[in-house]
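To start, the structure under review is shown below, and the notes come after it.
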Amino acid sequence: MSNSPHPWQEAVRPSPFHGAAASHSLTNEWLRRGAYTVADVYSTVEQEYDALRAGAGLVDHSPLNKVRISGKNARPFLNRLLTGNADDLPLRQSLSSLFCNDAGHVIGLARLLRVHVEEYHLYTEENHTSWLWDTAKGYNDIQIDNFTHDTGVLGIFGRQAADILLAAGADGAEELEPSHHDAFMLRQARLRILKTMLMGEPGYYLYVDPKDALLVWETLMKAGEAHGLAPVGRRAQDICRIEAGELRAGTDFIGALEAVHGNRPRSPFECGLDALVDLEKDHFVGLRALSHGAHNQKRTSIVCLRVEGTEAVTGARILSNGQLIGVVTSSAWSPSLGHVAALATVAAGNARPGEVVQIEFFTTNELEPETRKLEAIIVEK
Amino acid sequence: MAGHDVIIVGAGHNGLVAAAYLARAGLDVLVCERASQVGGSLANTEICPGFIGASGAHDVTLMAPAIISDLNLSAFGLNFIPLPGRATLLRDGGYIGSYANTHQTACDIERYCHRDAERYRDYERHMARQRNLFKTLLMSPFPDIAMLGRDDHHLPEAVAKGLKAMGKDTMFEALTFWFRSCKDHLDQYFETDALKAHIAGPSFVGAPRGPFSPGTAYLLLHSQLGAHMQGLQGFVRGGTQKLGEALLSAVKTFGGKVLCDAEVSGVNLAKGAVVSVTLADGSVHEAKSIVSNLDLKRTFLTLFDWEALSDPLLAQVGHFRMQGSVANMNIALDGLPEFPGLPDGCPLLAGRLNFTASLSDMERAFDCWKDSRTPDYPPLEVTLPSLSDPSLCPPGKHVLSIHIQYIPNHLMAGNWDDEKKEALAVRVLSLVAEHSPNLKDLILGWTLDVPPDLEDKFALTGGDIHHGDMSLDQLLFNRPLPGYTNHRTPFKNFYMCGASTHPGGGVMGAPGALAARSVLNDLGYAGS
């Protein structure tokens, strides 16, 4: 933008893909994510869901927070930061992990890419840069900077994703192993492509210079015409995310840095993210708290629910034998499961699959207030 | 004369809030005010014919929302104009702005320092946690800390719950935060001097302390206590006096009586209990409870015979620190003053403007206050209320209000007189004119109140607008004095409801509401 806007005009930024996304939007329904707006729905939620599950979906992930960590000490720093083993992460590979504070409470989920020998990129849902600086104090030769606004992120997910990428001319990308990434050319655009799974679908993340954003979008959309590619907004993504049991920071749990109330943060075990925590590691922030029986001191658990009825029940209370035991954090009608799927936080000890619970929420039916009571079953993730 | 249930001495905003709550509960309430109008320092002042300025507070961002809705003040004509934010104008022509939206403020800071912009989000989260705890303290009577754990003295449930919910880390943060200086606290987050001064600026209005003084980090919080309502509260349409008038209407509607030009000259004791007040005209009025809206010193030193005050009380009241540190200037203008430092269309012009660009500059000005001199560069807080409220002056004209910080009550060079005030006004106008080149050509008239004027007009001892320094030794369980919590005093039936009591100064109304609660409890209206 030649005339950079004044701060008071700059509350929300358009994503680098906004121009293209807007031309595909039939609904003009936008949603604020971090500093950006992204599409909530482009055409209809059902069409977009179907494209993602049957063909492929193009998703704008630019609001993701991006931090570059470089220098000689980047590796030991990150290994101390993340609960997974980042020490021997090879070049051009990535790691899904999380990081905690000293108390062993989850700050955020992270995807770490090693892009050079001494340079890593860390992708998170929320902005933790200031905390990363604090945590890096004591390390010399380490640079941490936030480059969120300098990179657009486009996801292409679904069973046709690889074919579309090939048709688009990203030569060699189809040979990427899962969780591997590399630099590619797509027409005149240099970009980095990571192969991974998201929302239960295989696919790719494309990290793009904002000046190439529209070119990349259009190239993919053209290549995807024959493969059922459609841009997919946040609502349809959410359905797939809930079906796959993927948590989102700020939605399904409150990050330890964001929490205003001291009893809100959760341990990785309370989030059901045990698999991402390597208690055998020599050290990471929060290890001491987590290895001291945090496993057994779970106050809450995050569970998947199968809810009767057809409507979303996000925010509803969960009761067991009349006792309040938790709250629904995400929910949607799942076309492929054929029922309402939900993620919920419940008091520990109530998380056994097969257990029947009651869902209760207030709503209106043509402006008539109603208290809705539904049954739900806790299901395996 | 027939007795009342409650007599309230002084019709400042806290006295009126207390009166409204008590009258609403069905009590027979009489408010006695020395001046010929209510509202105390909320009074409007006429700068010159047709121009309305603020003689005390410029805006009322701290007024507790619960009180506004409890007393239905909007129905009594109270109408707020939101403040869009604040700006600090820098000498090089730039500015730093803050807005109701944290993200927007971070964008603004980003122009100066990327690091500070990231830190700002952190800072705001920290303040939100502290605010969250403090919110519960604000509207709860503070327990007698020496009695905690004995008999049935417990922390109020809301406070206990708040403490429990805050978690260990926030508790540790709080414990250090309370004792720290404003400078030390801001240094933990920020690098840019001007940003630190920008954040600290409004917190020090009326505080006889500098940003380097220990315990001043708390002031950052106190000035933010209304922040969760930011964008909803701000200026009062028609001037701050309208808040006093709305409270007066509320009191009257609930059946309370208000006597103006009725100075209470003393209270009368019987067997250690206060039973009546004597007015300046010699009339005596009896009541079951008497509530003083006066500051601590005036309450005990002017209403009581000193023989009646026990030995430690007299000394403690004497040592309570009340020191004026702010002067208030209102200027009538022939047109809109230009502030070229703000780009065209910047909404912050209608907010608060500061000009001090470093904490050291603030501290140096405070040094002058300690030496009983007026500083050469007093920190200024400028507002242009007529920009959002044209009813304050004739069309096309404007009103500019200025809080001038670190103006001592007593001057080394002798008492305040017209000559000294004129010199201060000239100095302040030239400081503002550095940022507003056309200001001096627009001036139609001005008024200036220095601390002794504020003392005369509003009975603020020492000219202290907060009814006592808000440092940790005079806050919470120490306000007004250790052991005198719940707005009760050593004298039976006698209460205090002014800003000398918990939770302190600023146009909040909380001391008045809490005092009313104690009176109602003691009169057997528990649960009201």
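Order of the sequence lines sets the chain letters (A, B, ...), proteins ahead of strands, with each chain counted from 1. As a basis for the values below, the full set of heavy atoms in this structure was taken, side chains included, without hydrogen atoms, waters or symmetry mates.
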Best-contacting candidate, B/R121, B/R119, B/H114, B/H126, against chain A by heavy atom pairs under 4.5 angstrom:
B/R119

Distance-only, no hydrogens or angles: does the B/R115 side chain make a donor-acceptor pair with backbone N or O of A/S130 under 3.5 Å?
no

Atom pair CD/NE2 of B/E110 and A/H149 - distance to nearest 0.5 Å:
6.0 Å

Tabulate, in ascending numerical order, the residues of residues 64-80 of chain A having at least one heavy atom closer than 4.5 Å to a heavy atom of chain B, or enter 'none'.
none

How would you list, in number order, the residues of residues 136-145 of chain A that have a heavy atom less than 4.5 Å from chain B?
A/K137

Spatial distance of atom CG (A/N127) from atom CD (B/E118) [nearest 0.5 Å]:
4.0 Å

Go through the atoms of B/D344 and report whether side chain, backbone, both or neither lie under 4.5 Å from a heavy atom of chain A.
backbone

Would you name the heavy atoms of A/L257 and B/R129 that are closest together and state the gap between them?
O-NH2, 2.5 Å

Contact origin within B/Y95 toward chain A - heavy atom pairs under 4.5 Å:
side chain

Exceeds 12 heavy-atom contacts within 6.0 angstrom, atom CZ of A/R288:
no

